[in-house]
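The block underneath contains the structure these notes are about, expressed in structure tokens.
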Amino acid sequence: MRHLIDILELTVEELDELCKKATDIIANPEKYAHKCAGKKLATLFFEPSTRTRLSFEAAMYELGGNVLTMADAGSSSAAKGESVADTAKMISCYADIIAMRHPKEGAPLVAARNSTIPVINAGDGGHQHPTQTLTDLLTIRAIKGRLDNFTIGLCGDLKFGRTVHSLINALVRYDNINFVFISPDELKVPDYIIDELKEHNIPYEEVTNLETVMPQLDFLYMTRVQRERFFNEQDYIRLKNSYVLTPDKLDTAKSDLCIMHPLPRVNEISVKVDSDPRACYFEQALNGKYMRMALILMLLEQSGDGKPEPLDGELIVDELICDNPKCISSTEQELKHMFRLVNPEMGICRCVYCENKKVRGA
Ligand code: CP
């Protein structure tokens with residue numbers, strides 16, 4: 001059974017294949033118009049979405065398939081307390097593939113381990129958003145013709161912005177990518193991602209000022225400050241206007257800069273920037289539909305015997321308890337807490353659902 005929970009589950013070769021497939025779909029849509037005839041996609045969205053849910057649904061319709069949709073948690077039995085695991089078991093009876101968005105980090109992983117059909121992570125809390133990354137990669141490739149040798153600035157809420165986390169994880173595998181992280185101190189990239197960059201000697205810098213780094217960027221990836229992830233509304237209010245991209249701030253930018261944003265934007269890119277030829281974010285959103293078509297085809301072609309993923313297949317440490325209230329392990333009935341041992345010398349472990357760090361024996 002093949003799922004997509006984390007972008008790292010796809011090899012560089014598979015990412016290339018998906019980009020090529022999406023490009024072919026754009027050029028020859030009629031070739032793909034019946035590829036999913038008789039198949040059903042279930043979109044299970046426990047959090048709001050415009051682009052991801054509707055582009056998944058448009059993707060399945062354009063492949064000749066059908067869609068079962070659950071657009072909000074309140075209309076499902078989750079509102080009565082049904083677990084993610086039971087929900088996944090049920091949907092496996094009705095559909096052929098699931099796209100799930102959930103506020104709890106690791107929820108799609110729990111779904112995958114209890115499902116007999118492929119599960120796609122359509123965004124889990126502030127953790128990961130791998131299909132947005134597929135969209136981003138197709139956009140970068142379409143514009144520059146390659147996925148290596150560039151400097152990318154990621155700006156805004158790098159702590160809670162799940163699209164940023166997945167995109168960094170994808171790009172570290174390409175040659176000569178320089179990362180510039182632009183954020184307030186409170187919204188810096190999480191340490192589990194910084195640890196990976198350090199381990200692989202990937203160059204990065206962390207700054208607070210966008211204007212000073214603007215001239216060096218080939219891509220500027222703006223992000224929204226994620227109000228829904230804050231514990232404290234006052235913190236959100238203080239940080240929400242940290243970066244607002246206006247036309248004057250682009251005066252020092254490269255003429256072939258590409259401005260990206262996963263959207264939705266709130267106010268971090270002025271609408272006056274939309275008419276700048278360097279603004280690519282609406283093209284980026286369109287690419288999402290084609291990449292999701294390519295992904296649905298790949299996962300359905302590669303789905304195996306329908307057996308659920310083993311619950312403890314990668315269990316390394318099970319004596320630790322995750323205390324992250326945003327982790328699915330904080331709410332899911334009888335879910336076994338599991339950690340990966342990422343640094344045996346120091347006993348550092350990370351929760352398999354949310355990456356929360358614990359030290360063994362501490
Ligand atoms: N980029 C993105 O995930 O948008 P939605 O929240 O509208 O799906």
Side-chain angles (χ1 to χ4, degrees), residues 4-7 18 22 41-62 67 69-75 97-108 111 119-140 142 152 154-171 219-230 236 240 245 258-269 271 273-274 279-296 326:
L4 179 61
I5 306 302
D6 188 313
I7 197 70
L18 285 167
L41 164 75
T43 50
L44 311 183
F45 277 61
F46 297 87
E47 264 194 348
S49 168
T50 295
R51 275 147 294 276
T52 310
R53 184 170 70 83
L54 296 181
S55 66
F56 260 119
E57 295 183 0
M60 195 53 165
Y61 284 125
E62 292 192 22
V67 172
T69 190
M70 207 191 72
D72 78 291
S75 67
I97 185 165
I98 293 171
M100 173 185 274
R101 171 170 291 187
H102 201 284
K104 289 287 183 183
E105 300 177 9
V119 174
I120 301 169
N121 179 1
D124 61 327
H127 187 212
Q128 299 284 334
H129 194 345
T131 66
Q132 179 64 46
T133 296
L134 294 179
T135 301
D136 300 341
L137 295 181
L138 180 62
T139 306
I140 292 170
I152 182 166
L154 298 117
C155 178
D157 185 349
L158 310 186
K159 178 180 181 183
F160 297 124
R162 57 194 172 196
T163 65
V164 166
H165 307 160
S166 294
L167 183 57
I168 297 169
N169 278 347
L171 287 177
F219 290 88
L220 171 59
Y221 194 98
M222 295 295 293
T223 61
R224 170 178 71 93
V225 176
Q226 307 268 307
R227 180 181 200 159
E228 64 274 32
R229 312 275 175 235
F230 279 75
Y236 168 72
K240 68 177 182 174
L245 186 65
C258 171
I259 306 161
M260 301 175 74
H261 192 309
L263 305 177
R265 74 172 148 192
V266 180
N267 67 339
E268 56 282 351
I269 300 181
V271 293
V273 174
D274 296 358
C280 303
Y281 28 92
F282 293 116
E283 180 184 341
Q284 191 183 345
L286 174 62
N287 284 335
K289 180 179 71 173
Y290 300 115
M291 261 316 221
R292 289 177 176 113
M293 289 172 80
L295 178 67
I296 289 169
K326 295 178 175 177

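All ligand and atom numbering here is 1-based and tracks the order in the structure. As the structure is a prediction and not an experimental result, all values here were calculated from the model.
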Measure from atom 3 (O) of ligand 1 to every heavy atom in R51, H129, R162, R224 and give the option owning the shortest one. H129
By the definition side-chain contact (heavy atoms from CB on, under 4.5 Å), identify the one residue from T223, T135, D136 that meets it with M260. D136
contact_flag E47 ligand 1 heavy-atom lt 4.0 Å: no
List every atom of ligand 1 that sits less than 4.0 Å from any heavy atom of T50, numbering the atoms from 1 in the order shown and giving each element. 5 (P), 7 (O), 8 (O)
Among L167, N169, I168, the one residue meeting side-chain contact (heavy atoms from CB on, under 4.5 Å) with L171: L167
Which label fits H261 and Y281: parallel for a plane angle under 30°, tilted from 30 to 60°, or perpendicular past 60°? perpendicular
Polar contact flag for R53 and ligand 1 (N/O pairs, less than 3.5 Å): no
Using a 4.0 Å heavy-atom threshold (strictly under), name the region of L263 that reaches ligand 1: side chain, backbone, both or neither. backbone
Does a side-chain N-to-carboxylate-O contact under 4.0 Å join D274 and R265? yes
re atom 6 (O) of ligand 1, the protein heavy-atom contact at minimum distance is R101 NH1, 2.9 Å
Just by distance, do the side chain of E268 and the backbone of V266 share a donor-acceptor pair under 3.5 Å? yes
